[in-house]
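Read the structure below first, then the notes.
The shown structure was predicted, so the numbers you read here are calculated from the model rather than taken from an experiment.
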Amino acid sequence: MTNKEHLLEKYGIEMWSDEKIIAFRKALLDWYDQEGRDHLPWRLNKDPYRIWVSEIMLQQTQVKTVIPYFLRFVSLFPSVQALAEADEEVLLKAWEGLGYYSRVRNMQVAAQQIMTEYNGVFPDKPEDIIQLKGIGPYTSGAIASMAFGLPEPAVDGNVMRVFSRLFEIGEDIAKPATRKLFELLVRIVIDPDRPGDFNQAIMDLGTDICGPVNPRPEESPIREFNAAYKNGTMALYPFKSKAKKPVPIDLHGLVVRQGDAYLMEKRPTGGLLGDFWTFPLVDTVTEENKIGSFKHVFSHRRWQVTVHLLEDETNFTPEENMKWVLEEEFADYAFAVPQQKMWEIVRKYDEKKYKSL
DNA sequence: CAATCGTGGGA
DNA sequence: TTCCCAAGATT
């Protein structure tokens with residue numbers, strides 16, 4: 001017994017016959033040719049650079065959100081070389097508001113890897129692609145199949161959802177180990193003649209017809225292959241264990257202002273909002289002059305921030321990672337959303353004060 | 001493996 | 001309000 005058969009048996013999965021696999025590919029790809037989203041800007045051609053940029057942006061992020069960022073990004077940095085040589089602040093600015101900011105820093109490291117190790121030419125072997133910083137199993141498979149036509153699985157949440165219903169697989173898709181099972185299934189079922197289209201077709205299907213909420217399996221081009229649909233067990237799949245709740249954290253944002261200059265702090269590389277600029281955020285305050293508050297929810301943290309305005313006579317002591325920045329220079333600094341919320345509170349406070357004078 | 005790392009939108 | 005969700009990778 002082969003490893004593959006052993007794994008399938010372990011999870012009680014009966015693989016389809018060769019005839020059924022071929023029929024599945026045809027049903028899926030015929031639908032994709034008619035209904036697939038061929039308008040997405042990263043499907044314009046098979047440029048591995050553009051596909052790479054899109055796949056990084058699309059990690060945990062919706063298509064609708066990504067499109068404007070993608071167009072701006074490939075315009076600012078049209079090539080691997082341009083990205084490798086990009087100024088850090090300009091680069092972060094291009095990602096501002098998109099979230100998961102280590103993605104863009106990792107991408108620049110990978111671009112520099114490609115310049116030095118591959119002479120600027122995007123590597124076309126899966127074992128090389130996955131060595132690039134920020135590229136894991138999913139993104140590697142996506143690039144290999146879509147840009148280079150290799151029969152590699154690209155298993156994301158869509159693929160696990162679709163396949164868990166097709167084969168009635170109850171494994172917890174939140175667990176890292178589960179992905180390997182789905183990679184095996186995709187390796188067996190993927191169309192060797194159109195692997196990129198196959199992977200994208202599954203994802204297009206998983207976005208709408210086979211979505212996480214209110215799926216419409218009766219409209220699916222592959223409903224005849226859907227064991228959960230035929231057995232009336234759609235509601236059971238996929239199984240996903242619940243995420244932990246974000247931890248509540250109280251913070252104080254200190255808007256230290258002298259004339260048009262504001263004290264800004266650069267957050268440490270690698271951490272939350274790493275390398276982005278904010279008004280100083282502290283746990284406790286000695287001086288208090290509240291002008292507003294807001295909350296901001298991350299995946300694992302819930303910030304409740306009280307904003308204070310400290311002007312002129314403040315005795316706040318700047319630290320090493322801080323500097324004075326003029327308001328007119330703000331456009332040159334990368335601000336994540338919490339900083340934009342703080343700035344909005346300051347603007348409204350000043351506006352109200354101005355009107356009352 | 002489990003924790004970390006954003007943000008916006010919909011039910 | 002609260003919860004869940006979206007084309008995951010790193011440590």
Side-chain angles (χ1 to χ4, degrees), chain A residues 36-37 40-43 50-70 92 95-107 109-110 129-143 145-146 153-162 172-180 182-183 186 196 198-208 210-215 238 240-249 267-276 278 294-303 334-341:
Chain A
R37 295 175 291 180
L40 298 177
W42 45 87
R43 289 183 182 173
R50 291 171 62 95
I51 292 173
W52 173 39
V53 172
S54 74
E55 290 301 339
I56 299 296
M57 288 187 170
L58 285 162
Q59 289 170 5
Q60 304 293 285
T61 310
Q62 296 188 19
V63 166
K64 184 184 171 189
T65 304
V66 164
I67 289 176
Y69 279 93
F70 174 82
L92 294 180
W95 209 270
E96 180 185 86
L98 196 53
Y100 287 145
Y101 298 105
S102 65
R103 290 185 292 180
V104 69
R105 279 180 274 107
N106 287 342
M107 212 163 42
V109 172
I129 297 173
I130 202 169
Q131 291 302 320
L132 298 171
K133 190 78 169 171
I135 295 186
Y138 163 76
T139 305
S140 173
I143 296 172
S145 63
M146 296 174 198
V155 175
D156 69 336
N158 288 307
V159 174
M160 290 197 280
R161 180 168 56 255
V162 171
D172 185 355
I173 65 168
K175 294 210 177 309
T178 305
R179 195 198 69 247
K180 291 182 168 50
F182 289 97
E183 285 176 347
V186 172
F198 180 95
N199 284 335
Q200 294 180 86
I202 296 286
M203 290 190 275
D204 281 13
L205 204 56
T207 296
D208 181 35
C210 195
V213 292
N214 304 322
K240 190 177 185 181
S241 54
K242 295 191 191 309
K244 286 177 31 178
K245 281 190 195 171
V247 178
I249 294 185
R267 296 180 59 82
T269 301
L272 188 58
L273 308 180
D275 296 331
F276 277 70
T278 64
F294 68 95
K295 60 188 157 207
H296 188 78
V297 182
F298 301 91
S299 307
H300 59 305
R301 213 150 288 199
R302 173 187 300 270
W303 280 5
F335 292 163
V337 172
Q339 169 59 22
Q340 300 192 12
K341 289 180 178 175

Interatomic distance at [atom1], [N] relative to [M], whole Å:
{"N": "C:dA7", "M": "B:dG10", "atom1": "P", "value": "15 Å"}
{"N": "C:dA6", "M": "B:dC5", "atom1": "P", "value": "22 Å"}
{"N": "C:dT10", "M": "B:dC1", "atom1": "C1'", "value": "13 Å"}
{"N": "B:dG6", "M": "C:dC4", "atom1": "C1'", "value": "15 Å"}

Check every strand shown and say whether [X] touches a base, only sugar-phosphate, or nothing at a heavy-atom separation below 4.0 Å.
{"X": "A:Arg37", "value": "base"}
{"X": "A:Arg43", "value": "base"}
{"X": "A:Ser54", "value": "nothing"}
{"X": "A:Leu40", "value": "base"}
{"X": "A:Val66", "value": "nothing"}
{"X": "A:Ala243", "value": "nothing"}

Hey, which sits more toward the 5' end of DNA chain C by its nearest nucleotide, A:Leu132 or A:Trp42?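 Taking each residue's closest nucleotide, the earlier one in sequence belongs to A:Trp42.
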Residue whose closest nucleotide on DNA chain C lies nearer the 5' end, A:Leu58 versus A:Ile135: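 Its nearest nucleotide being more 5', the pick is A:Leu58.
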Rounded to the nearest 0.5 Å, what's the gap from CE on A:Met107 to CD1 on A:Ile135? Could you check?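 If we round to the nearest 0.5 Å, A:Met107:CE and A:Ile135:CD1 are 9.5 Å apart.
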Going by the rule side chain to side chain contact (heavy atoms under 4.5 Å, CB included), which residues pair with [X] if we only count those two or more places apart in sequence or in a different chain?
{"X": "A:Arg267", "answer": "A:Leu272, A:Leu273, A:Thr278, A:Leu281, A:Trp303"}
{"X": "A:Met57", "answer": "A:Val53, A:Val66, A:Tyr69, A:Phe70, A:Phe73, A:Trp95, A:Leu98"}
{"X": "A:Pro215", "answer": "A:Arg165, A:Pro217, A:Met234"}

Encode nucleotides 4-11 of chain B as B, S and - characters from 5' to 3', where the letter depends on protein heavy atoms closer than 4.0 Å: B to the base, S only to sugar-phosphate, - to neither. SBBBB---
Partner set under side-chain hydrogen bond (donor to acceptor under 3.5 Å, both in side chains) for [X], not counting sequence neighbours:
{"X": "A:Arg302", "result": "none"}
{"X": "A:Gln60", "result": "none"}
{"X": "A:Thr61", "result": "A:Arg103"}

Show me, pair by pair, the donor-acceptor contacts under 3.5 angstrom made by side chains of residues 198-207 of chain A, not counting sequence neighbours?
unit_1   : atom_1 : unit_2   : atom_2 : d
A:Asn199 : ND2    : A:Ser145 : OG     : 3.0
A:Asn199 : ND2    : A:Glu152 : O      : 3.0
A:Gln200 : OE1    : A:Arg43  : NE     : 2.6
A:Gln200 : OE1    : A:Arg43  : NH2    : 3.4
A:Gln200 : NE2    : A:Gly196 : O      : 3.4
A:Asp204 : OD1    : A:Arg37  : NE     : 3.1
A:Asp204 : OD1    : A:Arg37  : NH2    : 2.8
A:Asp204 : OD1    : A:Arg43  : NH2    : 3.0
A:Asp204 : OD2    : A:Arg37  : N      : 2.9
A:Asp204 : OD2    : A:Arg43  : NH1    : 3.0
A:Thr207 : OG1    : A:Arg37  : NH2    : 3.4
A:Thr207 : OG1    : A:Met203 : O      : 2.8

Spacing of A:Ile249 atom CD1 relative to B:dA3 atom C1', expressed in whole Å: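 Rounded to whole Å, this separation is 14 Å.
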Here's a test for you: under side-chain hydrogen bond (donor to acceptor under 3.5 Å, both in side chains), which of A:Gln339, A:Gln340, A:Arg301, A:Lys341 qualifies with A:His296?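 Single pass found, and it is A:Lys341.
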Leading and trailing nucleotides of DNA chain C with any atom under 4.0 Å from heavy atoms of chain A: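 Under 4.0 Å from chain A, the extent on DNA chain C is C:dT1 to C:dT11.
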